[in-house]
Undergrad: 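Before I ask anything, let me first share the structure, which is written out below as structure tokens.
Along the sequence shown, residues carry numbers from 1.
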Amino acid sequence: MSGPGRLGVLAAVGLLVAGGSLTSGAGPAVAAGSAPVRACPARASAPGLPPPGAVPAAVAVPDGVVVPATAAVYGARYPGETYFLVAPAGWTCDTVFFAGDGGQQAYVHPGAPAADPADTRFDAVVRAVFVSGGAQTDVDLACGLVPAAGAAPNTCDAPARLPATRVHAVPTRAPGLLLTAVGVPANTREPNLPTTGGPNRTVALVTFQSPGGPAQEISCTVPASAASVPLCQAALGHLLATGAAAKQLSRADLAAALTDLDGFVAGYLAQP
């Protein structure tokens, strides 16, 4: 996904960085209704591509998702498009656009903006892959963690997951839709999740529409605290409720999937 052969266009914004801790945001937790958006800047598009999408002042919060007071909604801009993710308030937002294949990622992390976030190791970060970059990268984004995503006629070029990595299939009645929650222990480098390997646990969600994609991913790697569970529930749940997978789910199915996902995140992060 992020190898040196991909041509990236990067942008970043610094927002009251708090050294990796989860600090209180400006307002109360938001359930449904709308939430203000912090815009991640975007550099100029590559020649021949449309300008970056606009970022509204506020966006609706999906039913079943609660944005805690320690978090914020960030707007990540790419040529002609804008995506949103939930991450700790006051962190730094970097966006990456791979001009060669159209891949679109966002990284929200403490500290200064990263010159190349796709190849930077963060101890704490919320990372979203909104667009993987193509049919094979869709498969490879998911298949290392979800072998069914690499079933024929597709070929999986991703490494097998580590035995220590926990995976949980989020139930869905949508044909071919694979929703997989993932948990990775601290100090464990899961080869299919580049945000792992540091001192904090990681929880992630990988969505894949079989056969062939699209695939999306979000991971939440934050210091353990009372705030980490609702923060990561909001980060993963928001992508599920606003991403490609939600288009395949009925309202009832999405609500059930969000409840199941919240349970996994809470259970995994609560382990001693």
Side-chain angles (χ1 to χ4, degrees), residues 11-18 22-42 50-95 104-110 125-131 170 179 203 205 207 216-220 222 226-263 265-266:
V13 61
L15 298 168
L16 301 176
V17 175
L22 303 183
T23 58
S24 177
V30 179
S34 64
V37 178
R38 301 186 179 196
C40 307
V55 175
V59 292
V61 176
D63 290 342
V65 176
V66 177
V67 179
T70 56
V73 178
Y74 292 81
R77 296 180 287 169
Y78 306 95
E81 297 182 273
T82 302
Y83 293 96
F84 303 95
L85 71 160
V86 174
W91 282 15
T92 298
C93 179
D94 293 326
T95 60
Q104 299 171 10
Q105 303 177 6
Y107 298 74
V108 182
H109 58 89
V125 64
V126 174
R127 170 188 183 254
V129 179
F130 301 113
V131 177
V170 177
L179 306 180
V203 288
L205 173 71
T207 74
Q216 292 182 315
E217 175 191 290
I218 187 160
S219 59
C220 182
V222 297
S228 60
V229 170
L231 183 281
C232 289
Q233 287 174 328
L236 273 57
H238 189 271
L239 185 78
L240 174 58
T242 61
K247 299 176 183 178
Q248 309 301 320
L249 297 170
S250 69
R251 182 183 295 269
D253 286 343
L254 177 58
L258 287 168
T259 299
D260 186 89
L261 180 61
D262 281 351
V265 171

Undergrad: Can you tell me how far CG of L85 sits from SG of C93, rounded to the nearest 0.5 angstrom?
TA: 6.5 Å
Undergrad: State the CZ-CZ distance between R77 and F84, to the nearest 0.5 angstrom.
TA: 10.5 Å
Undergrad: Return the set of residues passing ring-ring contact (aromatic ring centres under 6.0 Å, His included) with F130 (not counting sequence neighbours), or none when no residue passes.
TA: Y83
Undergrad: Can you tell if the side chain of S219 reaches within under 4.5 Å of the side chain of V203, non-hydrogen atoms only?
TA: no
Undergrad: For L205 and L261, what are the C-alpha separation, side-chain angles and deciding distance, and is it a side-chain contact (heavy atoms from CB on, under 4.5 Å)?
TA: CA-CA 9 Å; L205 173 71; L261 180 61; 4.1 Å; yes
Undergrad: Please answer whether the main-chain N or O of A54 pairs with a side-chain N or O of T82 as donor and acceptor at a distance below 3.5 Å.
TA: yes
Undergrad: Between V73 and V59, is any pair of side-chain heavy atoms under 4.5 Å apart?
TA: yes
Undergrad: Let me confirm one number: the OG1-CG distance from T207 to L179, rounded to the nearest 0.5 Å.
TA: 6.5 Å
Undergrad: Only distances under 3.5 Å count here; give the side-chain donor-acceptor pairs of residues 232-246 to other protein atoms, sequence neighbours excluded, each with its distance to 0.1 Å.
TA:
residue: Q233; atom: NE2; partner: D262; partner atom: O; Å: 3.0
residue: T242; atom: OG1; partner: H238; partner atom: O; Å: 2.7

Undergrad: Taking the side chain as every heavy atom from C-beta outward, state whether V126 and P88 have any atom pair closer than 4.5 Å.
TA: yes
Undergrad: Roughly how far, to the nearest 0.5 Å, is SG of C40 from OH of Y78?
TA: 7.0 Å
Undergrad: With side-chain hydrogen bond (donor to acceptor under 3.5 Å, both in side chains) as the rule and sequence neighbours excluded, what pairs involving residues 251-260 come up?
TA: D63-R251, H168-D260, R173-D253, S250-D253
Undergrad: Between A106 and A76, which heavy-atom pair has the shortest distance, and what is it?
TA: CB-CB, 4.1 Å
Undergrad: Could you state the interatomic distance from CG (D94) to CD (Q105), rounded to the nearest 0.5 Å?
TA: 11.5 Å
Undergrad: Hey, does V108 have a side-chain heavy atom less than 4.5 Å from the side chain of V125?
TA: no
Undergrad: Please find the pair of heavy atoms, one from A71 and one from V86, that lie closest to each other, and give the distance.
TA: CB-CG1, 3.8 Å
Undergrad: If you round to the nearest 0.5 Å, how far is CZ of R127 from NE2 of H109?
TA: 13.0 Å
